[in-house]
Amino acid sequence: MLPWHVENEVDDEPRPADFSYLDRVRAEPGVEEVGCDCGATCGPACPCAAQHPWGHLYGADGCLVPLQLGIDIDVLLQECGPGCSCQGTCVPPPAHQDCPVHIRRIPRKGWGVIADCNIPCGAFVCEYVGERVTTAETRRRLRDYDAAGRAHALLVFREILPSQTAALRINIDATRQGNVAAFINHSCDGGNLILLAVLPRGCMVPSLRLFARRNIEAGEELTYSYGTPAGGHPSRVQAPCLCGTPACRGFLPRDPA
């Protein structure tokens with residue numbers, strides 16, 4: 001059972017097949033999460049806020065401050081979490097509440113996600129939820145998906161760490177188990193959403209979250225950039241892109257894994 005309204009006026013498929021809902025990321029055995037204690041307070045001297053030049057991540061409305069200020073985000077974002085003395089209760093509730101959306105069958109594209117209300121710039125839309133898997137398992141699954149000719153929602157996310165000497169890699173497969181993020185389509189022009197890694201203090205692994213890049217009107221399809229189409233192993237299948245924007249590069253991004 002999916003917790004969203006599903007529309008399909010294109011064909012006879014009543015709902016996304018072979019897919020079950022998850023409300024949080026599920027870690028594959030062998031993927032560990034270890035907490036730490038930052039001892040944060042929620043005032044101006046909060047160590048979490050000090051990680052960013054603009055201070056706390058969110059305004060009182062729960063919207064992401066750097067997006068509202070037009071600041072390019074090229075760092076791992078950090079927020080108060082279970083390792084803080086406040087237990088993360090200082091984070092405005094809207095910053096963790098999914099925006100109202102529904103799933104719609106879209107001609108040529110397949111399933112897509114539609115905004116049910118106006119969404120302001122910087123608002124949290126949803127987390128990318130699925131199975132967190134190892135890199136070895138990611139490679140195995142990608143081979144299997146390619147061999148079966150199956151479209152998938154296996155996301156490989158890389159982020160350069162502040163030390164500039166290492167990169168963080170997160171693999172989340174939402175192909176069979178996940179949330180509404182699995183049905184948000186790619187757009188070569190960047191789309192109206194942005195995928196960012198946010199680390200609650202006290203957690204070792206960030207969550208991957210989608211935020212509004214600009215003001216979004218009710219009824220708009222939600223899209224974001226999966227990456228660039230360049231690269232990848234020559235044996236990997238390269239799927240055509242159907243985003244339809246003037247910036248379309250012709251093929252969906254793929255990860256070399």
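Computation of the quantities below employed the complete heavy-atom set of this structure, encompassing side-chain atoms and omitting hydrogens, waters and symmetry-equivalent molecules.
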request  = Just jot down the ring-ring contact (aromatic ring centres under 6.0 Å, His included) partners of Tyr145, sequence neighbours excluded, or say none.
outcome  = His152
query = How close do Asp189 and Gly191 get, heavy atom to heavy atom, and via which atoms?
reply = OD1-N, 2.9 Å
message = Please find the pair of heavy atoms, one from Thr135 and one from Arg169, that lie closest to each other, and give the distance.
response = OG1-NE, 3.3 Å
query = Does any non-hydrogen side-chain atom of Leu155 lie less than 4.5 Å from one of Leu195?
reply = yes
request  = Could you tell me the separation between the CH2 atom of Trp54 and the CG atom of Leu69, rounded to the nearest 0.5 Å?
outcome  = 9.0 Å
ask   = Counting only heavy atoms not in Asp11, do more than 12 sit closer than 6.0 Å to its CG atom?
value = yes
request  = Report the residues that fulfil salt bridge (Lys or Arg N to Asp or Glu O under 4.0 Å) with Arg104, sequence neighbours left out, ordered by chain and then residue number.
outcome  = Glu7
key: Which residues share a ring-ring contact (aromatic ring centres under 6.0 Å, His included) with His186, sequence neighbours left out   = Tyr226
ask   = Is the closest side-chain heavy-atom distance between Trp111 and Ile106 below 4.5 Å?
value = no
request  = Verify, without hydrogens or angle tests, whether Glu137 (side chain) and Thr134 (backbone) share a donor-acceptor contact under 3.5 angstrom.
outcome  = no
Minimum-distance pair of heavy atoms, taken over all atoms of Val129 and Ala174 = O-CB, 3.4 Å
request  = With rounding to the nearest 0.5 Å, note down the distance linking CZ in Arg214 to CD1 in Ile194.
outcome  = 13.0 Å
inquiry  = Once ring-ring contact (aromatic ring centres under 6.0 Å, His included) is applied, do any residues pair with Phe19, and if so which ones, sequence neighbours excluded?
reply    = Phe183
ask   = Has the side chain of Asn192 got a donor or acceptor atom that lies under 3.5 Å from a matching backbone atom of Thr223?
value = yes
request  = Check whether any side-chain heavy atom of Ile73 sits under 4.5 Å from a side-chain heavy atom of Leu67, and report yes or no.
outcome  = yes
key: Main-chain N/O of Val133 paired with Asn171 side-chain donor or acceptor, under 3.5 Å   = yes
request  = Could you tell me which non-hydrogen atom of Cys126 sits nearest to which non-hydrogen atom of Val180, and how far apart they are?
outcome  = SG-CG1, 4.0 Å
request  = Scan residues 200-220 for pairs that pass ring pair (Phe, Tyr, Trp, His ring centres under 6.0 Å), counting only residues two or more places apart or in two chains.
outcome  = Phe124-Phe211
note = Hits for side chain to side chain donor-acceptor pair (under 3.5 Å) against Gln97, two or more places apart or cross-chain, chain-then-number order -> none
message = Using modelled atom types and a 3.5 Å cut-off, is there a donor and acceptor pairing between side-chain atoms of Ser187 and backbone atoms of Ser225?
response = no
task = Compare all side-chain heavy atoms of Asn185 with those of Leu242 and state whether any distance is below 4.5 angstrom.
result = no
message = Show the nearest heavy-atom pair for residues Pro206 and Ala197, with the distance to one decimal.
response = CB-CB, 4.0 Å
ask   = Under the criterion side chain to side chain contact (heavy atoms under 4.5 Å, CB included), which of Leu64, Leu208, Leu57 is the partner of Leu196?
value = Leu64
request  = Work out which heavy atom in Ala212 is nearest to a heavy atom in Ile119; give both atom names and the distance.
outcome  = CB-CG2, 3.9 Å
message = Measuring only between side-chain heavy atoms, which start at C-beta, is Tyr224 closer than 4.5 Å to Arg213?
response = no
